[in-house]
Every structure is written in structure tokens, then in C-alpha cells.
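See below for the structure under consideration.
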There are 2 protein chains.
Amino acid sequence: MMTRVSLKDIAQEIGVSNATVSLVLNGKEKEGRVSKELAERIRKKAVAMNYHPNAMARALRMGSSNTIGLIVTDSSNQFFAKLAFRIEEYADSLGYSVIVANSNENDAKMERMIQELKNRQVDGFIIIPTENGQGSINNLVNSKVPVVLLDRYFEEINTHHVLIDNFKTSRSATEFLINQGCKRIGLIIYKSELPHMQERRNGFAEALKRNGMYVPAFIKEINYQTIEENIQKAIDDLLTRIDPVDGILFASNSIAIHSLKYLMKRNINIPSDMKVIGFDENDAFDLSREPIPFVQQPIAEMGKLSVDLIIKQIEKEALNPTHIELLADLQNLPN
Amino acid sequence: MMTRVSLKDIAQEIGVSNATVSLVLNGKEKEGRVSKELAERIRKKAVAMNYHPNAMARALRMGSSNTIGLIVTDSSNQFFAKLAFRIEEYADSLGYSVIVANSNENDAKMERMIQELKNRQVDGFIIIPTENGQGSINNLVNSKVPVVLLDRYFEEINTHHVLIDNFKTSRSATEFLINQGCKRIGLIIYKSELPHMQERRNGFAEALKRNGMYVPAFIKEINYQTIEENIQKAIDDLLTRIDPVDGILFASNSIAIHSLKYLMKRNINIPSDMKVIGFDENDAFDLSREPIPFVQQPIAEMGKLSVDLIIKQIEKEALNPTHIELLADLQNLPN
DNA sequence: CTGAAAGCGCTTACAG
DNA sequence: CTGAAAGCGCTTACAG
């Protein structure tokens, strides 16, 4: 690797001290009261020598790196991929870099990634926490590290979070199915204690109870690790009861994709045989036989708000834990 | 933020020098000839004090950061998202972190991202280069920075690259359409000088020429920035000629998605009215009326090979530029 | 067997 | 108006 140009190189070329060069290049010539003319010479020289500051040296000295650590559960999932993309884009516009890490929905890996990003001196974390990641998040919050939870949160941890109103959203998605004429509506959802999942479940139940249509057996809980087989079993069950369901709410993007594949395999026609609605956008929803209705989370806004919240904390604005719950739209509804 | 425990803190607690602690914690006690017993005490203390090395300080001192910079054109595209995921996963298993940046197919942004990652002292780059990014890549290669180009390359730059054999793959995708009975086959492809695109184009042309079916007017070139309208125009054109096409090859993931949406909007039935095949996997291909055939690039292998190549360079194994061209499979073919 | 010292590339009080 | 010095947290020759 070509040896890089350092501050010192410029200082030597011009014949001044490192300090003077540093001051000028950081726009602090006023404070250093460097003469305009000298400042100009230094700037010219820096450009001519193709100088670029060593971000690590600066971070080490300053104790902050202008970097945000983002931990998602699976960056290859379209929903999180888009979220990460927006976060990167917006943070970049504010002069912050983002390092993305994956937890794979694994608590131990999330913990490890937090540690690794800490070692890299990130200034704060935006995290989509894992099911039992409460302890790790709690440690972070207690040690005063800036944190924003995204998409999910924990009841007991009072920190900043940005997500949609899952209860209301799930309720209105369910009401959509009711309005479509469904009489027996199923839910396929992750078995999870995370409140955002509970709220999706509760919103679903609420809509059905209001309409006297609530049947607990129509709720199928599945595991992330064995998603494919669990979904097949769940759908088989929902279809082969004496009172088979005529509508299903899918509580996540991946659940929707796997379920739709299996419904297709079983030759269930959507929407004539079965009406459905899913969470989170996916190219696939626009391309199936009929467009699949889905809950569209405001991804760009969620990204922007979480970046704003993390930067406010980093820049030490006193900030009470802010809980942001946005509204989500239903898309691809039949006319 | 809680003040972190440093090497020095451990040294003071135990009453030895920083050097001794550093040696032990890096497993170099043999070289330092530290007594077994002392080494053990130091290790215990480090754990007890919850010590974690400051990666930036180490990187500054060592001149390398154990970090790979990955520049993709769009991390929200499913193909690149999966590639990035695999790269991160495999690099992590080898003790390297990955910082992902997006160029948005924009040469200037790619250049800026390269500089930013350089400032962060990444040890090497895996890059999916932009159309006219040749200059930036060339500078990198000339300055002996470890580089691997992924998915694309430049004729004139003799550096490492990992991609599929686009000519052969495109040719066999086209042959698939021919075997399906198509007589007039169109291609929708990016207007691009990048050789991987040219090869997809040439492979397409070759298959048709061999079968006496080559019609230049059936090749539609579109721009990435105006993809949606260009595709609509291209498809309108292919459909409304006196000799409308009965098959189309989509030369990229995004092209396939947009095209399929528009074909659906125009009520073209696939595959009865029109047979198609696309590049790169997408959930949508499994969920359309009939599964959409597509070229499946060996994503995990491409990721792994590019990581191996970049690490070999970083670790200074003398290495002639390695050009890897993998074979890609066709998926979702009708039985 | 172990310590003292230098240095990676910065920034920032301090002194003049 | 500007320089000398200290220090961020490490690692590594060097000296003993």
C-alpha cells in the first residue's frame, strides 16, 4: 500500500507545526488565529499532496468515531436490507458512517456484534434486538451508550425506540380481511415474547373479538429456525379442519413468502379460495397471480428518525427516552 | 459512555508494564518469555475487568485494521444484499469485519466511498464497480491496495475478479427459450460498456445466430436511472411490432422485476403468451402465476472466493491476478 | 524474565 | 500569530 500523506508531511513541506496544519484543516484557524494567507497555503498544499485524514487516529484522539453501529437480524431480508440502506444513506448525508452487522436472530451473536462494534469505537447503536437480547441491550443502556431500538423493543427497558403501531396496524389488516368477507381468519406468527409480535397478535385478536369471530385455534405460532416446515404444518392444519379458514394474516415478511409458496404448491387460489394480507413489502407481492395486500412500513421515515435520535444522543443533547410509533399503510388493496 | 478498561489499567492492577500485558493478551508470552503463572494472572484479570482491546488503537499502531471494505451498487437489491450477507458471514468467521458502502451506480459516489473507507484504514476492497469507475479502480490497483472486483470487471484492468461466465450463462438461458419453442426472442439489458453486460448480450446473440433467429431490433437497451419508463417503452415496442416477440431474456434482477410487473399490467400471460427467463434470484420468481425461470448465480461461493482472494492479498501472499469465472445454474425450469 | 521508550496520526490545551 | 508537548491505547524493537 502506498504510504499515505500525513499531517506532518504537510507541516514539513510548508515549514510549520502539525498543530497549525490541524487547526487550518479543521476550519479552526480563527481559534488558532492563523493568518489568512498561511491558511490558504496549507489548504492548497493539502489538496496538492492528496491529503486525507486518518479517521482512526482522529477517532482515537477524539474518543469518537462518527460511526453508528447498526445491528439487524438478517440483512438479506428485503425489509431489513431497505431499512439499512436508508439508514446508511441518511447517516452519510449527516457525516456519519454506518457499520452493519447481522445477528441472525441469535442472542449470542448479537452480544458478540455489540462487543465488536464497541471495540471499533462506534459512537452509538441502532439495533433490531433479538428475542432474548434484553440483557445485552440493558447493559448497553445502563453504561450510557447511545442506543435506539428499531422495529422492536422491550417493555422493561426504557430507552429510545422507533417502530410502527403494531397493534393498530395488525387490527386494521385483520379488519381488511373481515371487510373482504372472510368468516374464519387465521394468523401465522412467530412464537415470540417480543412485544411487537404480541401486539400484532393482540391487534388481530381484537379485530376478531369485536366481530365475534375470534377462534384461538386459528392462531399458529412458528419458530424462525424451522420456519419452512412449521409453516407447512400450520397451513395444512388451517386448511384441513372441519371449519377451514378463508383468510390469513401473515405476521412478517418471511412468513408471508414461505406461506405463499406453500399455498401455491397446494393449488390454493388467492384471493378466490383464500384471502391474505402480509407484513412488509416484497417484490413478490406485486407479482403473484393477484397482487398480495400487505402492510407497508414507512421504512425511509423509520430510518431517518432512528438516525436523528442516535445522533442527538451522541451529540449529548439531553434527551428523555423517546418512543416513536408510526402508522403503517395497507398496500395492494383490491379496488 | 462508561470509561473503558485499557491495557494500562490491567498493568497497573497487576503491577507490571503495558508491554507484558500486551504480549500475554496477544498470545505472545513465549516471545516475551513471560512466566506461565504471571500470564495466567494477567488473563484472569483481563476477564475480571471486562477488558476489550481498542480496535482503533491497535489498527493505528499496526497499520492494518482487519477490516474489508465492500462497495456494492445497491445493498437493497436482493442479489447484492445476499452477496453482502455471505461476505460478512464468511469474513467474520476468519476474523475480519466488513464495512459495506453503497455507490448507487454512481461513479462519483463510488470514488467518495473508496476514499472514506481508505480513511477508515480498511485493509482491502471488494468492489462491484460502477460503469465508469475504471479510473478509481485503476488508482486503487496502481497504489497496491488489495482489490477484488466482484460480479463485474474491466477489460483493461488486470486485477483479481470473481464473477460468473456471463457469456455461456446468457447463451444457455437463451437456448432454454429456444427449446421452449420461442421463435422471436427479445433481450432487455442495460446500456452499458461493462464487459459482463456485453457478454450477456453476446451470449444471447450467439445462441440466436446459431439458430438463425438473430434480430438486432429485438435487443432493447435501457438506463438504470430511468429503468421503469424505459422498460415500459421497450416492452410496448417488443409487443406491438408486426412480428411481436414470444420470449424475453431479462439481463438483471431489477430488469426482470420491473418487466414482469409491466407484463402483468398489460395482461400478458406467462408462460402461455410469453416465455421469459431472468438473471438472479428473487422471491418474486417463485410466487408469480407460474414460477419464473432464472439464472441462479452461486452467491455463497462468489462471496467466499472474493473474501479468500482479498485476504490472501492482505496477508501478502504473492499473488498473480486471479480471474475466477463460475458457472451459474438455471432454476425454476418447467418439468 | 521484564520494563522503559518510541511511535502510529491525530487534536488540544498551554505557553509564548 | 505560532510552536512544543502531551496523550488517545495500543505494539514492538531494545535494553537489561
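Proteins come first, then strands; the chains are lettered A, B, ... in the order of their sequence lines, and each starts at number 1.
Between A:Glu13 and A:Lys44, none of the side-chain N atoms (NZ, or NE/NH1/NH2) sits under 4.0 Å from a carboxylate O, so this pair counts as no salt bridge. Using a 4.0 Å cut-off between a side-chain N of Lys or Arg and a carboxylate O of Asp or Glu, A:Lys304 and A:Asp308 qualify as a salt bridge.
Rounded to an integer number of Å, the gap from A:Lys28 NZ to D:dC1 P is 19 Å. B:Arg58 has its CZ atom 18 Å from the P atom of C:dG9, to the nearest Å. Between the CG atom of B:Leu23 and the C1' atom of C:dG3 there is a distance of 11 Å, rounded to whole Å. Distance, B:Met56 CE to C:dC10 C1': 12 Å, rounded to whole Å. At whole-Å resolution of the value, CG in B:Asn54 and P in C:dG9 are 16 Å apart. Going from atom CZ of A:Arg61 over to atom C1' of C:dT11 covers 4 Å, rounded to whole Å. Taking atom CZ of B:Arg120 as the reference point, atom P of C:dC10 lies 14 Å away to the nearest angstrom.
Partner B:Ile157 forms a side-chain contact (heavy atoms from CB on, under 4.5 Å) with one of B:Ile137, B:Asn142, B:Leu140 and no other, that one being B:Ile137.
A:Arg152 places no side-chain N or O within 3.5 Å of a backbone atom of A:Ile128 that could act as its donor or acceptor partner. With hydrogens and angles ignored, the 3.5 Å screen pairs no side-chain donor or acceptor of B:Asn138 with any backbone N or O of B:Gln134. Of the possible polar contacts, one joining the A:His160 side chain to the A:Thr322 backbone as a donor-acceptor pair under 3.5 Å is found. For A:Ser75 (side chain) and A:Asn102 (main-chain N/O), no donor-acceptor pair under 3.5 Å exists by modelled atom type.
A:Ser22 comes within contact range of at least one nucleobase, with a heavy-atom separation under 4.0 Å.
Proximity note for B:Leu7 (side chain, C-beta onward) versus D:dC10, C:dC10, D:dG9: the nearest is D:dC10. For B:Leu60, the listed nucleotide lying nearest its side chain is C:dG9; candidates were C:dT11, C:dC1, C:dG9.
The OH atom of A:Tyr224 lies 11.5 Å from the OG1 atom of A:Thr130; values are rounded to the nearest 0.5 Å.
When each of B:Leu38 and A:Pro53 is assigned the nucleotide of DNA chain C bearing its nearest heavy atom, the one mapping closer to the 5' terminus is B:Leu38.
Side-chain contact between B:Gln121 and B:Thr67: absent, with no pair of heavy atoms (C-beta onward) separated by less than 4.5 Å.
A heavy atom closer than 4.0 Å to some atom of DNA chain C occurs in B:Gly15, B:Val16, B:Ser17, B:Ala19, B:Thr20, these being the qualifying members of residues 8-20 of chain B.
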Problem - Paired and unpaired positions of DNA chain D as dot-bracket, Watson-Crick or G-U wobble under 3.5 Å, | denoting a partner strand - result: |||.||||||||.|||

